[in-house]
Amino acid sequence: MGTVTVGAVQERAPGERRVALVPEAVTLLTRAGIDVLVETGAGSGAWFADADYTAAGATVVPPDELYARADAVLCVGPPDAEAAESLRSGQLLIGLLEPLRHPGLVKELTERGIRTVSLDLLPRTLSRAQSMDALTSQANVAGYKAAVLAADSYDRFFPMLTTAAGTMRPAQVLVLGAGVAGLQAIATARRLGAVVTAYDVRPESREEVESLGARFLDIHQPPGTGSGAGQGGYARELTEAEQQAQRAALDAHIARTDIVITTAQVPGRTPPLLVTAAAVEAMKPGSVVVDLAASELGGNVEGSEPDKTQVLDNGVTVIGAGRLPSAMATAASTAYARNLVALLHHLVRDGELVLDPADEITAALTGGASS
């Protein structure tokens, strides 16, 4: 029986502080008979030293040695051109590869004989794969951080406070999108004492929103409009007419809100525009808007820019916060590493990496291209 060797590389994308494996995960993998390599300095952005990995049972090596020895290369985001060139035929690349946004990368790697396993292809409806669901683990971090970031950027209190100087009213928070990130943002804002309202195109999300103590915002859609639920546990992309009706109904509520947190994304597609420039213009000075969907593809908030905070002329702060998991790199890396451990336990059989096309988890993660 052979031994599988996996290697966690250092992320090189600007602003990316996460790492694919943490020392805790190394211990779990070595106990399962898997050899672990970690690139020198890979965990530094998440406050894990090379010595921590060595103590957990990993071998810390330079990148050239890692790519030469590893059967599977573990990463967080898609590799850059230099890292992709370092991969060799027969090797397995596992990470959040975003194949819907980078189809050329996956095609090139496949043509070179490199197999890819992309965790962002895993449907949330596969209950037995929940422990491998990296999108959910990272969305939880993003939702939590979004609420904390909003509270930090807001110049008033979140909870109602009664003091000798009088009573301070609680902040009014609106969360748009009640997926994993949205629900975590709702829960965190509620814990901080805010009054929270939430909206999602999927009517079935009402129960989840209300179970967290928030109010569900009812918006009347045009006649003939169906449910906003899509495949794989995500919301579907709305038609242009549906989006226009949605924005018109949201504008009036946004103007009365102190904090808006938007979380609506469509995998591999431009995020829906939920908050128009006119809606932001109507908000009170001191209000805060946090756009979790902000990326090079666009965002939920008109005018938001990824990784940029803007204080507009009317005193509203707009935060393009598309990389919040990286802002909590230690927690996000720990959660992500546990997802990878669960996945590797599923893929490694009798000392070999097995990609079984008949297995529904493997088929989903490889886009049905297993062999």
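Since we're looking at a predicted model, the values are computed, not measured. Excluded from the calculations below are hydrogen atoms, water molecules and symmetry mates; all remaining heavy atoms, backbone and side chain alike, are included.
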By side chain to side chain donor-acceptor pair (under 3.5 Å), E11 pairs with (sequence neighbours left out) none
Those residues at least two apart in sequence (or on a different chain) that pass side chain to side chain donor-acceptor pair (under 3.5 Å) with S137 are N339
Approximate separation, where rounding is to 0.5 Å, of L340 CG and L119 CG
6.0 Å
Check this for me: does any side-chain nitrogen of one of D120 and R101 sit under 4.0 Å from a carboxylate oxygen of the other?
no
The salt bridge (charged side-chain N to carboxylate O under 4.0 Å, His left out) partners of D359 (sequence neighbours excluded) come to R128
Hydrophobic cluster (4.5 angstrom, side-chain heavy atoms) - remaining members for W47:
none
Check the pair D200 / E208 against side-chain contact (heavy atoms from CB on, under 4.5 Å), numbers first and verdict last.
CA-CA 11 Å; D200 195 285; E208 294 176 306; over 6 Å; no
Flag, side chain of E108 to backbone of A84, donor-acceptor distance under 3.5 Å
no
What side-chain donor-acceptor pairs closer than 3.5 Å can you find for residues 53-67, not counting sequence neighbours?
| residue | atom | partner | partner atom | Å |
| --- | --- | --- | --- | --- |
| Y53 | OH | L21 | O | 2.7 |
| T54 | OG1 | D50 | O | 3.2 |
| E65 | OE2 | R69 | NH1 | 2.8 |

With rounding to the nearest 0.5 angstrom, report the CD1 to NE2 distance, I34 to H345.
5.5 Å
Other than L292, what residues sit in its cluster of Ile, Leu, Val, Met, Phe, Trp and Tyr side chains whose heavy atoms are under 4.5 Å apart, directly or through others?
L149, Y154, F158, V173, V175, L183, I186, L192, V196, V209, L212, F216, I259, I261, V288, V290, I319, L324
From CG (L273) to CG (L250), nearest 0.5 Å
10.5 Å
Salt bridge between E16 and R12, side-chain N to carboxylate O under 4.0 Å?
no
How many angstroms lie between atom CG of L347 and atom CZ of R349, to the nearest 0.5 angstrom?
7.5 Å
Give the C-alpha distance, both sets of side-chain angles, the deciding distance and a yes or no for side chain to side chain donor-acceptor pair (under 3.5 Å) between T276 and E302.
CA-CA 5 Å; T276 64; E302 189 172 6; 5.0 Å; no
May I ask you to test the T257-S287 pair for a side-chain heavy-atom distance under 4.5 Å?
no
